Protein chains: 2
Amino acid sequence: MAQDKENTERILRPLPTLSDVAQAAGVALSTASKALNGQGKLRPETRERVLEAAKQLGFRPNDLAQSLVRGRSFTVGLLSTDNYGRFSIPLVTGIEDALVNAQISVFLCNTLGSPEREQQHLDSLLAKHVDGIIVTSDRTNSRAPIDLGKLDLPVIYAYTRVEDPNVLCILPDDEQGARLAVEHLIKQGRRHFAHITGPVYFEAVQLRAKEMRAVLGEHDIPFTERRVLSGAWEESWGYEAANILLDRDPLIDAIFCGSDQIARGVVDGLRERGIRVPEDIAITGFDNWEVMATAVRPPLTTVDLNLHELGKLAGTRLLQMIDGQRPTGIERVPCSLVVRESSAAQSKSIQTKSKIQQREA
Amino acid sequence: MAQDKENTERILRPLPTLSDVAQAAGVALSTASKALNGQGKLRPETRERVLEAAKQLGFRPNDLAQSLVRGRSFTVGLLSTDNYGRFSIPLVTGIEDALVNAQISVFLCNTLGSPEREQQHLDSLLAKHVDGIIVTSDRTNSRAPIDLGKLDLPVIYAYTRVEDPNVLCILPDDEQGARLAVEHLIKQGRRHFAHITGPVYFEAVQLRAKEMRAVLGEHDIPFTERRVLSGAWEESWGYEAANILLDRDPLIDAIFCGSDQIARGVVDGLRERGIRVPEDIAITGFDNWEVMATAVRPPLTTVDLNLHELGKLAGTRLLQMIDGQRPTGIERVPCSLVVRESSAAQSKSIQTKSKIQQREA
DNA sequence: TTGTAGGCGTTATCAG
DNA sequence: CTGATAACGCCTACAA
């Protein structure tokens, strides 16, 4: 009978069930369950028999059924606010790294920036009873919190933040990263700084500029706001800005750039004006986007956001939250400086030259 | 009694269940189910009452339970063979596009190129009873098929392929893409071709080179294998190769590049030799990696792999397979040509010049 | 039109 | 030690 039934079943679902295993092993359902889960005390011989039968049949417990009874799904949702770009790659792999080791599967949800689509994804995640949610974006700016109703579910904002102090946000430490770059340039003997960066409505842009001013102040290095140029996150802006800057201010000997792309444009612009990097002007980028930073000639000294680490941390924290802890607030992951050739120490001849220029001015 | 029970439940799971809804609406469980699923015939008034109660309680059907009884999970797995890079971004968003519209959630699985990790992910996907799997990679080369045992589950290989003719593989049409670029260059009046490309073990490299030869042959344009230079997928290789090529062969008036990155290196190399693009030599790239292609001066004419479309197609085909169809074989998605400034028509003066050079040679 | 009962695959509790 | 039995939340005949 049972065999007949099996034969008439579609080949599509030959998935053996626990009761198949029990039957094959000649034990009761519940016994088989215990044997496979290592629960309770069974005669080793019985356990063996069940294990053997399970292997024979290629049995796999149905996670859906398990989740139902356990009240945990071992899945989490990854809600990407934006049609995600290059930043999310290391971020996502970091998150996965942390989660996969804990046997947790990740639902990928791109909202393409549409609130309706976000809600749709959210509904679906809740219906699937995810154990937690990580929200990410393509920028660190503040965003509206996701709406979970009155449901208390672990949520982490990674590479984005919300105003609510009761939630956990994980962000790169843009200030510390900027400090790294600027102090490095100062150590190379540079004193005449400029900053070419992205749109001011990016919080990262504001933080980096602010910290640059602070560091320069600490070193008593004069600085004027005319030397901060904000534009698009594009090479062409870097190129254009370099020209604007040098027309105004030929004394510059260091440019702290807001991205590697911008830095590349800057280097190109300088080269065309016959200005040498790093001899005449030292350059630093931001992001350590390798394919970009290493292709520039000379290769860029730049700040690495450590997004993979940031993702891993987000995953780890989420696991802790699922485990019952409730960390809150803003956690910043430190950046690191990757030194390449674009920021070497100022050569003597140039120091002389710039002094001369100063006198002329 | 029921109320007492509810009150003592942890706030963590205030998720109302169907029976809560039924109770609130004063109907039986099954009635509530029917009302919510639009099944059977109920008095509109009853249905209203149930719907109202459901909304009031913020009821969400538990997908886990639904999947269990329906035998479908409305989830699919996305198995990325490699620590995925820039190519997978449009691919993945395309896949999501197609799937999200069908109310299907996507499990993200990066295997980081490790077979054990792949198997681990696969086991997990099967345990979660996904309705299908899409396998992708960072290159279109052939790979080993995933091992599903004797389980018949819809699988699609996207941007990668397997030798088995009984499975469905979706790939970009590299040959057609190469033809697009080469015919375009020919139309611009170019006759002296070179090809600077990536490693020969990439199947795409072979296909593109092969088609280039074919197209040139069709137009009776002579070509020699010395003018094919294979190297790394890097700007620096393009730069180096441009110099090698022109030392050998100054007559070249068109370079068909295997990637935008390489093309950028080539353009840089040419510029430094005082060769004008496109006046002296026309260049085409491959990939239409916008941030790269548009930053080059002049901006690159290039071939777009239409990976977003490819992803969408993969998602659509998977839905069809889940629906019972079993398409097999290799399906190629056409590329398109994006014309920018790097490939303009040859200027008259140059044609003259190259004729002179030809006589000299 | 509505309610009852059985089952999806597992786990957990409690008798035997 | 082992095996019924009751959940988990939902769906769907079938009966009322």
Side-chain angles (χ1 to χ4, degrees), chain A residues 2 5-6 9-10 12-51 53-54 57-74 126-129 131, chain B residues 2 5-6 9-10 12-51 53-54 57-74 126-129 131:
Chain A
K5 196 188 163 208
E6 270 189 41
E9 272 178 359
R10 344 168 31 193
L12 294 178
R13 299 200 136 269
L15 293 180
T17 161
L18 186 56
S19 81
D20 293 334
V21 174
Q23 196 171 324
V27 298
L29 187 76
S30 57
T31 309
S33 172
K34 278 179 215 157
L36 291 169
N37 293 313
Q39 302 278 7
K41 285 146 222 272
L42 326 191
R43 197 183 316 162
E45 164 192 328
T46 317
R47 164 160 302 162
E48 255 329 302
R49 202 144 36 92
V50 173
L51 258 40
L57 293 165
F59 169 77
R60 270 179 228 290
N62 183 334
D63 277 7
L64 265 38
Q66 276 189 184
S67 302
L68 192 58
V69 59
R70 291 219 249 244
R72 268 200 58 186
S73 64
F74 286 85
L126 297 184
K128 295 222 154 50
H129 282 225
D131 298 332
Chain B
K5 196 189 162 206
E6 270 188 41
E9 272 179 358
R10 349 174 18 199
L12 295 177
R13 300 197 135 274
L15 292 181
T17 160
L18 186 55
S19 80
D20 293 334
V21 175
Q23 196 171 324
V27 299
L29 190 84
S30 61
T31 309
S33 171
K34 279 179 215 157
L36 291 170
N37 294 313
Q39 302 279 5
K41 287 146 219 276
L42 330 189
R43 197 182 317 159
E45 162 192 331
T46 317
R47 162 159 304 160
E48 257 328 302
R49 202 143 37 92
V50 174
L51 258 39
L57 293 164
F59 170 77
R60 272 176 227 289
N62 183 333
D63 277 7
L64 267 37
Q66 266 184 199
S67 302
L68 194 58
V69 58
R70 291 221 248 247
R72 268 200 58 185
S73 64
F74 286 86
L126 297 184
K128 294 220 154 50
H129 282 225
D131 297 333

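Predicted model, so just to flag it, every value in this text is computed and none were measured. Chain A is the first sequence line, chain B the second, and so forth, proteins listed ahead of strands; every chain is numbered from 1.
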Exercise. Taking NZ from A:K128 and P from D:dC10, how many angstroms apart are they, rounded to a whole number?
Worked result: 14 Å

Seminar exercise, completed: Heavy-atom closest pair (B:D131 atom, B:S73 atom, distance to 0.1 Å) is OD1-N, 3.1 Å

Exercise. With distance as the sole test, does A:R60 use its side chain to make a donor-acceptor pair with the main-chain N or O of B:A127 at under 3.5 Å?
Worked result: no

Exercise. Rounded to whole angstrom units, what separation is found between the CG atom of B:D20 and the C1' atom of D:dC10?
Worked result: 13 Å

For this session: Report the distance from atom CG of A:L36 to atom C1' of C:dG9, rounded to the nearest whole Å.
Result: 13 Å

For this session: Would you mind classifying the nucleic acid contact of A:S67 as base, sugar-phosphate or nothing, using non-hydrogen atoms under 4.0 angstrom?
Result: nothing

Seminar exercise, completed: Between CG of A:L64 and P of D:dC10 the distance, given in whole Å, is 13 Å

Seminar exercise, completed: Closest non-hydrogen atoms of B:L18 and B:S33, given as atom of the first, atom of the second and distance, are CD2-CB, 3.8 Å

For this session: Could you tell me the separation between the CZ atom of A:R49 and the C1' atom of D:dG3, rounded to a whole number of Å?
Result: 13 Å

Seminar exercise, completed: Here the pair of heavy atoms bringing A:K34 nearest to A:R47 is O-NH2, 3.9 Å

Problem set entry | Position toward the 5' end of DNA chain C (nearest nucleotide), B:V27 or B:L68 | B:V27

Exercise. Given side chains that start at C-beta, do those of B:L126 and A:L15 come closer than 4.5 Å, heavy atoms only?
Worked result: no

Problem set entry | Distance below 4.0 Å between B:T46 side-chain N/O and C:dT1 OP1 or OP2 | no

Problem set entry | B:R47 CZ to C:dT1 P, straight-line distance once rounded to whole Å | 10 Å

For this session: Find out whether B:L36 and B:V50 are in side-chain contact, i.e. whether some heavy atom of one side chain is under 4.5 Å from a heavy atom of the other.
Result: yes

For this session: Take atom CD of A:E48 and atom C1' of D:dC1, then tell me their distance rounded to the nearest Å.
Result: 16 Å

Seminar exercise, completed: Whether each nucleotide of nucleotides 10-16 of chain C has a protein heavy atom under 4.0 Å at its base (B), only at its sugar-phosphate (S) or at neither (-) is summarised, 5' to 3', as BBB----

